[in-house]
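These notes are about the structure you will find just below.
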Amino acid sequence: MTALDSVSSSVLQLLHKDLLMVDPSGVLLFATGIFSEYKVGSFLSDVLPALSLLESRDNALALCGPVQVNHVGAMVYQVIPLTEPHNGGYCLLFQQVSDHNVLQKKSEHMQQLLFQSEKMAIIGQLTASVTHEINNPVGYVHSNLHTLSDYVDNLIKMVELLSAADTTETPEAIKHRFDFDYICEDIRNLLKESAFGLEQVISQIMSLKDLSHTDDGHFQLASIEAGILSSLNIVNNELKYKAVIHKDFAGLPMVECIPSQLNQVMLNLLVNAGHAIADHGEIHIRTGVQEREVWIEVQDNGSGISDEHLSRIFDPFFTTKAIGKGTGLGLALSLNTIERHHGRFEVTTKPGYGTSFKIWLPVQQPAAPSA
């Protein structure tokens with residue numbers, strides 16, 4: 001064991017008492033705590049045959065198990081993917097099953113923090129776009145109010161002149177002097193334009209509210225397509241200069257879901273689609289119903305995903321984006337959200353031609369098992 005390995009082992013033991021580290025093929029690299037007797041170089045399937053690494057590694061953010069561990073009994077565990085310097089592999093953290101409820105609550109709380117962190121990261125990336133979407137209509141509403149103020153002053157003066165007993169001008173001449181016909185027409189236009197601008201601001205604020213709202217993690221009936229439109233509203237200024245957006249909505253039924261979490265999934269997919277397009281392209285958003293499931297598809301004609309990266313796109317913290325463009329948590333959390341909704345992802349891609357992410361969701365969540 002090298003000096004670096006010794007330091008790494010000591011740090012790991014400080015972080016967690018009972019853990020195993022294995023390489024990608026399941027060979028034991030390190031063991032501590034109750035696993036100290038396990039021999040380095042043996043296969044995980046030999047020492048813990050009840051543990052399926054293949055199934056567990058795809059759900060890195062959740063507690064797995066329980067599994068029986070020799071004389072200790074039932075334990076639950078978490079799987080954390082490793083990168084360099086071990087050329088990949090996994091770290092398995094174990095806890096007594098008696099602590100399962102406490103651990104589950106901690107895990108759920110951590111996931112909620114990750115969701116909120118990812119929301120803030122996305123909003124941070126889109127700050128300039130969101131600010132433009134709000135500032136632009138606010139700017140011309142502000143300008144319109146100045147013009148309307150001048151018009152009101154002129155109309156007041158005109159009414160005062162028309163009401164004056166000693167005026168020598170005819171009413172037609174007074175109206176002509178103050179350009180009455182033009183003012184009446186322009187007032188209507190200014191009010192209509194200002195109302196439209198304020199509706200844009202309200203829509204943008206409501207979309208941000210939809211994204212930031214936590215729903216307390218409760219499932220409820222909601223319109224998936226309305227959520228898509230909210231997500232589009234937030235990312236619109238980011239995408240409109242890069243892609244033509246095509247919407248093909250089937251008119252989905254109300255779906256039992258956690259709306260804000262699905263909105264965040266849609267926002268992640270739309271932002272990723274925009275990043276995949278170098279200059280200018282197209283993004284298609286489609287929805288459909290098949291028996292008791294609905295599906296949502298986001299397809300772009302951008303750069304596509306290479307074969308070497310395709311198998312890792314849902315791994316936590318994996319990203320090919322430049323620093324500041326992504327956290328590497330977007331798709332991992334999206335997958336976690338869809339699985340929590342008892343749904344699934346389908347990904348099709350071709351390098352140089354684009355990518356399609358298709359989400360399948362049940363219209364109604366399955367009933368919770370009775371205690």
Side-chain angles (χ1 to χ4, degrees), residues 1-100 102-104 106-108 110-111 114 305-320 327-336 339-340 344-345 347:
M1 178 181 287
T2 66
L4 179 58
D5 289 335
S6 298
V7 172
S8 300
S9 300
S10 300
V11 171
L12 284 171
Q13 291 179 68
L14 288 172
L15 290 174
H16 201 86
K17 183 178 67 173
D18 303 313
L19 64 83
L20 294 172
M21 188 185 299
V22 298
D23 70 11
S25 61
V27 174
L28 191 61
L29 300 175
F30 178 75
T32 186
I34 62 171
F35 303 109
S36 298
E37 63 189 54
Y38 289 179
K39 185 178 179 181
V40 172
S42 57
F43 280 94
L44 183 66
S45 57
D46 292 334
V47 296
L48 285 175
L51 190 152
S52 173
L53 183 61
L54 182 63
E55 295 178 6
S56 306
R57 68 187 183 189
D58 295 328
N59 200 11
L61 295 177
L63 286 170
C64 303
V67 294
Q68 292 296 321
V69 179
N70 49 41
H71 61 282
V72 178
M75 300 191 79
V76 291
Y77 62 97
Q78 289 177 292
V79 180
I80 301 175
L82 300 174
T83 54
E84 299 294 342
H86 297 286
N87 297 315
Y90 306 93
C91 184
L92 289 77
L93 310 180
F94 288 79
Q95 290 282 358
Q96 293 285 347
V97 76
S98 58
D99 297 329
H100 179 272
V102 174
L103 291 170
Q104 188 66 40
K106 288 182 178 179
S107 179
E108 290 173 357
M110 182 60 68
Q111 289 182 44
L114 286 172
I305 304 171
S306 67
D307 291 340
E308 64 175 312
H309 293 151
L310 184 58
S311 62
R312 300 189 61 196
I313 58 174
F314 291 108
D315 288 353
F317 306 108
F318 174 76
T319 180
T320 59
T327 63
L329 280 174
L331 285 178
L333 291 174
S334 295
L335 177 63
N336 187 268
E339 289 180 342
R340 184 180 183 187
R344 63 189 185 278
F345 263 107
V347 184

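Just so you know, these numbers come straight off a predicted model, no measurement behind them.
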Leu93 and Cys91 have their tightest heavy-atom pair at CD2-SG, 3.7 Å
- Is there side-chain contact between Leu20 and Phe30, with at least one heavy-atom pair below 4.5 Å? no
Distance col, row Arg344:CZ vs Glu339:CD, nearest 0.5 angstrom, shows 12.0 Å
4.5 Å side-chain heavy-atom contact, Leu92 and Leu44 | yes
Closest non-hydrogen atoms of Tyr38 and Leu28, given as atom of the first, atom of the second and distance, are CB-CD2, 3.5 Å
Using side-chain contact (heavy atoms from CB on, under 4.5 Å), reason through Leu51 and Tyr77 one step at a time and then give a plain yes or no. CA-CA 10 Å; Leu51 190 152; Tyr77 62 97; 3.6 Å; yes
Taking every heavy atom of Val47 against every heavy atom of Ser42, the minimum-distance pair comes out as CG1-OG, 3.9 Å
side-chain contact (heavy atoms from CB on, under 4.5 Å) with Phe94: of Leu19, Leu48, Ile34, only one passes, and it is Leu48
